[in-house]
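When reading the values below, keep in mind they use all heavy atoms of this one structure, side chains included, and skip hydrogens, waters and symmetry mates. Chain naming here is simple, since letters A, B, ... match the order of the sequence lines and numbering starts at 1 in each.
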Amino acid sequence: MTHALRGSAVIRGVAESELGEVGPHRFPLDLLGEAVAGALADAGIAKSEVDGLFTAVGGRMMSNLDVGEYLGIAPSFTDGTMIGGSSFVSHVHHAALALQAGACKVALIAYGSTQRTDQRRPGRLPYPPELPSYEAAARPVHPVTGYALAAARHMHEFGTTREQLAEVAVAARRWAQLNPKAFKRDPLTVEDVLSARVVATPFTTLDCCLVTDGGGAIVMTRADAYTDRGTAPVYVLGAGEAHSHRSISQMPDLTTTSARESGRRAFEMAGLRPADIDVLELYDAFTINPILFLEDLGFCAKGEGGAFVEGGRIAPGGALPVNTNGGGLSFCHPGMYGIFALIEAVRQLRGDAGERQVAGATTALAHGNGGQLSSQVTAILSSEL
Amino acid sequence: MTAADLVPAEPAPWATFAARRAEGRIPFQHCWSCERAVFYPRVLCPHCGSVELEWRDSAGVGVVYSATYLPARDGGGRHVLLVDLDEGFRVMGSATDDAGAYAIGSRVRGAVDVGNPEAEPRFVFAEEGPR
């Protein structure tokens with residue numbers, strides 16, 4: 001039987017703010033607001049029609065109150081689910097549920113960050129690290145240590161190589177070279193990645209995501225409402241969530257993430273299989289991430305992710321397009337990247353992706369990751385029901 | 001069951017953990033209900049939910065589950081290890097020898113470094129020689 005949520009909600013509008021480094025006179029809510037204005041215009045929906053607010057802003061304990069006040073939105077339904085970079089994919093799931101239940105009619109998902117600029121502000125620290133107290137004495141550097149430990153274990157168990165990790169960064173850069181808005185577009189080779197400064201073995205600086213500023217926003221409605229507005233809608237066919245731990249020492253198995261569960265739930269709801277997906281947007285905070293997620297989401301067997309990404313398979317012209325905007329590694333990463341994975345998936349399904357457009361893409365998977373491989377949320381989107 | 005039945009055996013696990021660690025021990029909890037080790041310490045068992053948790057000390061011997069080395073920009077560096085201790089729980093720790101290899105799968109022996117009054121006591125591990 002078809003899942004009741006399948007295809008019941010659509011994404012009608014998406015937008016990013018200015019990205020990269022925006023300068024010291026702008027703050028996270030300014031970028032969030034810029035993205036919201038763009039997404040509402042894209043959807044053809046007025047701000048006064050928004051009655052559902054979904055947001056997460058780093059370092060803000062009451063994000064929804066800050067954002068509601070800034071935007072002048074007094075929602076009848078509000079959700080501040082904060083599960084790191086996976087928050088916004090979770091918001092898509094929650095918005096679909098709220099829309100179907102009638103809790104709201106127009107759902108707005110919004111994010112903004114000035115993480116890069118914050119590093120240069122005098123007397124203003126980037127948001128405070130959260131060191132789980134039972135790990136702090138060993139002085140891990142969050143978040144890179146946790147991901148490095150996962151990569152080291154994957155290499156030990158499955159023979160994944162340093163070069164295979166580097167291929168993920170090279171593929172992302174090749175996509176970024178097709179995206180005029182990408183932060184890093186200069187040529188990159190496997191040798192460049194291997195010879196960069198080591199941050200935490202096995203990672204060099206080029207295995208790690210960017211630190212940029214940026215905002216993003218998404219407008220959702222029921223599929224059977226607002227049908228006269230905006231461009232062609234993108235259907236939410238499936239969504240699934242799972243989280244398994246917060247601190248890396250509590251992760252049950254460093255080579256298997258709960259994307260296995262989130263993916264299974266999303267595919268079951270959508271009634272699709274991995275082979276049905278045309279384009280993937282996988283949260284690539286570090287080069288090990290897409291390898292783990294390709295395995296856990298069922299695109300290859302456990303342990304084969306390293307070999308899977310070899311030979312440019314996930315790069316432009318490869319068999320499976322992954323992170324077509326350039327990803328967190330080369331496009332943009334303001335701290336919580338998940339909303340940009342969704343926005344790129346929507347653009348691909350609308351045929352709006354310019355030079356990097358995947359020809360004929362009708363199904364896309366957007367996957368968010370949060371914490372230290374802690375939270376995994378998968379959404380399956382389509383231009384067709 | 002009455003509410004009184006749910007009073008945890010250990011209502012303040014961090015304080016007890018810190019006090020025992022300051023004495024040079026590697027503390028963990030044993031769950032009397034499901035017979036599993038609990039770390040980090042809690043008021044209830046994350047496996048079965050029981051509050052009947054008893055403090056124990058690890059012998060400090062285990063296997064490296066994963067390891068990363070963080071080079072310092074000015075030379076040197078340090079290891080961050082995840083160690084599966086023989087009593088059945090995993091800890092994050094440091095290494096006594098920052099130049100050592102600490103291969104995944106190797107046997108290590110840990111102790112608590114309480115030598116630096118400025119720093120939080122830490123778990124430090126040394127490679128066990130060939131057995």
Practice problem: May I ask you to decide if Thr145(A)'s main-chain N or O and Thr68(B)'s side chain share a donor-acceptor pair within less than 3.5 Å? | Solution: no

Quiz prompt | Engaged part of Phe123(B) at the chain A interface, taking heavy atoms whose separation is under 4.5 Å | solution = neither

Self-check item: Residue Phe17(B) versus chain A: region with a heavy atom under 4.5 Å
Solution: side chain

Quiz item: Side chain, backbone, both or neither: which part of Pro46(B) has an atom under 4.5 Å from a heavy atom of chain A?
Solution: neither

Practice problem: State whether the side chain of Gln250(A) and the backbone N or O of Phe39(B) hold a donor-acceptor pair below 3.5 Å, judged by distance alone. | Solution: yes

Exercise. Using heavy atoms and a sub-4.5 Å threshold, report which of residues 72-79 of chain B line up against chain A, by residue number.
Key: Arg73(B), Arg78(B)

Quiz item: Got a sec: does the NE2 of His243(A) have more than 12 other heavy atoms crowding it under 6.0 Å?
Solution: no

Self-check item: Closest non-hydrogen atom pair between Val80(B) and Ala138(A), with its separation
Solution: CG2-O, 3.7 Å

Exercise. State, to 0.1 Å, how close Ala152(A) and Ala67(B) come at their nearest heavy-atom pair, and which atoms those are.
Key: CB-O, 3.4 Å

Quiz item: Between Tyr69(B) and Thr201(A), what is the shortest heavy-atom contact and its length?
Solution: N-OG1, 2.7 Å

Quiz item: Is atom CZ of Arg139(A) surrounded by more than 12 heavy atoms (other residues, nucleotides or ligands) closer than 6.0 Å?
Solution: no

Quiz item: Where does Val198(A) contact chain B at under 4.5 Å (heavy atoms): side chain, backbone, both or neither?
Solution: both

Exercise. Would you check if the side chain of Arg90(B) reaches a backbone N or O of Met251(A) as a donor-acceptor pair within less than 3.5 Å?
Key: yes

Quiz item: Looking at Leu81(B), Val83(B), Asp113(B), Leu70(B), which has the largest count of heavy-atom pairs under 4.5 Å with chain A?
Solution: Leu70(B)

Practice problem: Can you label the angle between the Tyr134(A) ring and the Trp14(B) ring as parallel, tilted or perpendicular, going by 30° and 60°? | Solution: perpendicular

Exercise. For the pair Leu149(A) and Met92(B), evaluate side-chain contact (heavy atoms from CB on, under 4.5 Å) and give the outcome as yes or no after the intermediate values.
Key: CA-CA 11 Å; Leu149(A) 288 164; Met92(B) 181 177 280; 4.1 Å; yes

Exercise. Mark yes when over 12 heavy atoms from residues, nucleotides or ligands other than Arg42(B) sit less than 6.0 Å from its CZ; otherwise mark no.
Key: yes

Quiz item: Can you name the one residue among Met155(A), His156(A), Glu157(A) that meets side-chain contact (heavy atoms from CB on, under 4.5 Å) with Ile104(B)?
Solution: His156(A)

Practice problem: Tell me, yes or no, whether the heavy-atom count around Arg60(A) atom CZ, taken from other residues, nucleotides or ligands under 6.0 Å, exceeds 12. | Solution: no

Exercise. Quick one: closest heavy-atom pair of Tyr65(B) and Pro252(A), and the distance?
Key: OH-O, 4.5 Å

